[in-house]
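Written below as C-alpha cells is the structure these notes are about.
Sequence lines set the chain letters: A, B, ... in the order given, protein chains first and strands last, and positions in each chain run from 1.
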Number of protein chains: 2
Amino acid sequence: MTTAPDHNKITSRRPVSIQDIATVAGVSHSTVSRALHNSELISPEVRQRIQQLAQAMGYTPNAVAQSLKGQRTDTVGLVITSIADPFAGRAVRGIEEVAQANHVSLLLSVSHNDPEREMEIIETFHRRRVDGVISATAQLRGAYLQRLTQMKMPTVFINQQADSEADRLHSVDADDYDGARQAVSHLLALGHRKIGYLGVGNRAQSNRRRFAGYCDTLSAAGIAVDAQWVRIAPTMNNLRADDVLDGQAMLPALLPSGVTAVFCYNDQIAVGALMACRELGIAVPEQLSVVGYDDVDLARYVTPPLTTIHQPKLRLGEIAMQMLLDILEGKPVQSLILPVELVVRQSAAPPRTGAM
Amino acid sequence: MTTAPDHNKITSRRPVSIQDIATVAGVSHSTVSRALHNSELISPEVRQRIQQLAQAMGYTPNAVAQSLKGQRTDTVGLVITSIADPFAGRAVRGIEEVAQANHVSLLLSVSHNDPEREMEIIETFHRRRVDGVISATAQLRGAYLQRLTQMKMPTVFINQQADSEADRLHSVDADDYDGARQAVSHLLALGHRKIGYLGVGNRAQSNRRRFAGYCDTLSAAGIAVDAQWVRIAPTMNNLRADDVLDGQAMLPALLPSGVTAVFCYNDQIAVGALMACRELGIAVPEQLSVVGYDDVDLARYVTPPLTTIHQPKLRLGEIAMQMLLDILEGKPVQSLILPVELVVRQSAAPPRTGAM
DNA sequence: CACTATACTGCACACGTGTGCACGGGCTTG
DNA sequence: CAAGCCCGTGCACACGTGTGCAGTATAGTG
C-alpha cells in the first residue's frame, strides 16, 4: 500500500469523520470509534496508529452526532432579562464559570421581560434538546408554566421564589423580603419617618416581595404607608426599559409628599434618583437619603457612593448551575434562599430636622 | 385496531418522535415528516390529521437530528472577554437581537483575555459544529490563527483589525486610532500640553492602536511624549482583572510628571482615575482633566460626567452578526471600520494655569 | 377495456457516532 | 490432535430526521 500522500484530495467542505479515518486506515468505523475512546478492546498498536492518523487528518468529533446518539447535549439554556442588566451579568458570570469547568456549553437568550418571548425561547431550547434550563427572569404563569413542566426539562430559577408550584421546579433566591426590611430598618434607625419607595412594574414577583418588606417594616414601626410615598415605573412598553431613566423620572413626583428618604427597587433606579436630585439641586444625603438594592459595581462609583443591599449575585449563579448539574446526575437537590446584607456607604444619613 | 386510549402508556422519558406519530397514525415516518413540512405530496386530509395528531401528542422536532441531517446548526459561537465588560455587553446585545430575529441561537463563552482558553472555546464550537463564530476578544496569533482557518469556520472579529491576514477573516471595527486622535486633539484644543496616557496590557491590539493615535497626535502638535506620562496596567494575572482598580492604582504614579490631563484606554480606567482623584483631593476637571473611551452607560453617571469617545457598540454587534449571516448565505461581504465621535461632558476643561 | 398519466405513499439510504453481539483466528490445554 | 478459550475486529442496528426513487392505486383517455 502506498503511503497516501494527500488524504483529502477533494478537499471536501465536510470535516473528516471517523468513517473517513476508517477508510484510510483500512478498518471499520467501529474500530476507529473504539480506538479514539481508548477502548481496551482494540489492540494497542492499532489504537495508537488510529489516534495518530486522526490527529494528522485533523479530526474533530462531531458533537451533534454524539448528542443524537447519547441523548444528551451537554448544553444548558439560559434566559435573562437583558444583557445590560448588571445583576444578570454578574449571575451569568457565576453560571458560566461553573458551566465551563464542567464542560457544559451555554445557550444564551434575552427575554426583555416579555413572557411570550420567554416562552418562545424556552420552546427553542426544548427543540435543541438542552439538558436543562436556567431562568433568571421567569415571568411565566399558568399555561406557560404548565407547558414548561410538560416538557420535563430540568429547570432552575434564579430569584423567582415560585409562589405555589413546588413539584418539578427548583430555585435559588436571595431573600428579597428581608433585604427590604434591612434597608428600611436602616433608614428608620437613622431617624427617618417618611420613607418613599420607587419600584418597577415589569418584574412583578421580586417587586412585590421588596414592596411587602417595605410596607411591613414601616407598619411594624407604627408608621402607616402613605400612597403618595410610592411610585412604580409603568409597565407599558416594558421592552428595553431603562431603569435609570425611570428612577430619574419618578423621583420628582415623590417630593411633594415630604419624604426624607427613598428606598429603591434596585441600584439603577437609585442612580436615576441621584441624577434627578442633582438636576433639582437636592443634596444627597443631607436633604434626601437614598438606598438602593443589588450592590452593583456602579453603586460604588456614583456620588455619593450608594448605601444598598448586597445580593450574592455571583454565588446565585454558581449555585444555580451546580444545582442543575446535580439534578442531571440524579442527586437530590433542595431550593434555597440566600441571605443578603446591608452595605452602608454615603447616600443615607439622618434627616436634616433631627426627629429625635 | 382499538383506538389507543393513551398514547404514551409507558410515559417514556424520551420526547415523541415522528416515528411515534407514524405508528399511531398508521403511516410511515416519511409521510409524517412531509406532512409536518406541509409538503404538497401528501394529501390534504392526511396532512391535517397528522398535524393535529402531532399537536395532540406534544411533538417538538428534534433540532439535533435536524442539524445532523441538514449539516447546519443555526447556531453561532460567541467569545467575549468578560460578561462584566460593558463594551462586550452592549455588543452582545446587538448580536443577540439580530440573531434572534433570524432564528439563530447563541453559544456564549468567556475567555478572560486568555488566548489559550479562547482557543479551547473555539475548538468546542468546532466540535459542536456551529455555523459561524464571532469573537470580540481575539488575542489569537500564529499557530492558533492557522488552526482557526484550518477549521474553515466563518468567523467575524469585532475590534480586531487583523494586522496582516486578509484571506478568510472578516472583521468590523471602530476606528481606534482616530478615536485617540480626537480625544487628544480635544485636550490640546483646551490648552493642555502635558497629557498622560493610562493603558492596559492585556488587550494588546486595541491598546497599541489607541496609544499610537495618542503619540502621533502629540507629535503632530510638536510635543515629545515623555515616558513618565505613560502607564500601562500590568498583564500578570490578566484573568479577572478589574480595569477600575487598575486605573485607580495607576493614576498616582502619573502625577509627579506634572501632567494636566489624562487620556484613558477606556471608561473604566477613567472612572478608576476619578476615584483616585477623589481620594487624593484632586478636583476634576479643575486640577486634572480626564478623558475616557467607549462611552459606557457608567460614563454618564459618575461625577463629573465623563468626556469620552463614543463607540457604536450596539451597531458593531449588529453588523458583525449580519455580516456572519451574509457569509453563510454566500453573499460577498467586506470588512469595515466605523467612525467614532467625541462626546463632551464635564471631566475635561482648560488647565488651571491657562497656557494661552 | 386497456393503457397511460397522476396522486399519494413507503422503502431505503443518508447524516456521524456508539455499542451489543457474532465471528474469525490464534493460542492454550487435555 | 482436537476442543475450548480469548483477543481483536466487523456487522448491524440505534439515535431522529429528510429525501430521491420506486411502487401502487385511482382516474382519465382513446
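Judged by distance alone, the side chains of S135(A) and Q160(A) never bring a donor and an acceptor atom under 3.5 Å apart.
Atoms CD1 (I18(B)) and P (dC11(C)) sit 14 Å apart, rounded to a whole Å. Between the NZ atom of K69(B) and the P atom of dT17(D) there is a distance of 13 Å, given to the nearest Å. The CD atom of Q66(A) sits 5 Å away from the P atom of dG18(C) (whole-angstrom rounding). Regarding R129(A), its CZ atom lies at a distance of 11 Å from the C1' atom of dT17(D), rounded to whole Å. Protein atom CZ of R128(A) is 18 Å distant from nucleotide atom P of dG16(D), rounded to whole Å. Between the P atom of dG18(D) and the CG atom of D74(B) lies a distance of 12 Å, rounded to the nearest Å. To the nearest angstrom, P of dT9(D) lies 8 Å from CD of E45(A). The CD atom of E40(B) sits 15 Å away from the P atom of dG20(D) (whole-angstrom rounding).
Within 4.0 Å (heavy atoms only), V64(B) reaches no atom of the nucleic acid at all. Note on V27(A): only backbone sugar-phosphate atoms sit closer than 4.0 angstrom, heavy atoms only; bases stay farther off. Nucleic acid contact for H37(A): sugar-phosphate only, since backbone atoms but no base atoms lie under 4.0 Å from a heavy atom of the residue. Among the protein residues, S30(B) comes within range of the nucleic acid bases, having at least one heavy atom under 4.0 Å from a base atom.
One finds no side-chain N or O of S28(A) lying less than 4.0 angstrom from the OP1 or OP2 phosphate oxygen of dC11(D). At least one side-chain nitrogen or oxygen of Y59(A) sits closer than 4.0 Å to the OP1 or OP2 atom of dT17(C).
Ranking dG16(D), dT9(C), dT17(C) by closeness to the L68(A) side chain, first place goes to dG16(D). For S17(A), taking side-chain heavy atoms from C-beta onward, the closest of the listed nucleotides dT17(C), dT17(D), dG10(C) is dT17(C).
Counting distance only, with no hydrogens placed and no angle test, the side-chain atoms of H29(A) and the base atoms of dG18(C) include a donor-acceptor pair under 3.5 Å. In this model, a side-chain donor or acceptor of R34(B) finds a partner on the base of dG10(C) within 3.5 Å.
Looking at which nucleotide of DNA chain C each of T31(B) and S33(A) is closest to, the 5′-most match is held by T31(B). If you find the closest nucleotide of DNA chain C to P44(B) and to Q71(B), the one lying nearer the 5' end belongs to P44(B).
Comparing the helix axis at one end of the helix from dC1(C)-dG30(D) to dG30(C)-dC1(D) with that at the other, each defined from 5 consecutive pairs, gives an inter-axis angle of 70° (nearest 10°).
Side chains of R203(B) and N159(B) form no contact here, defined as non-hydrogen atoms less than 4.5 Å apart. Side chains of I158(B) and V172(B) form a contact here, defined as non-hydrogen atoms less than 4.5 Å apart. A heavy-atom distance below 4.5 Å is not found between the side chains of T60(A) and P15(A).
Listed for the S335(A) side chain is a donor-acceptor partner under 3.5 Å among the backbone atoms of S171(A).
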Derivation of the salt bridge (charged side-chain N to carboxylate O under 4.0 Å, His left out) call for E97(B) and R93(B): CA-CA 6 Å; E97(B) 277 175 14; R93(B) 179 166 176 169; 3.7 Å; yes
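Within 6.0 Å of CD on Q71(A) lie more than 12 heavy atoms contributed by other residues, nucleotides or ligands.
A salt bridge links R315(A) to E318(A): at least one charged side-chain nitrogen sits closer than 4.0 Å to a carboxylate oxygen.
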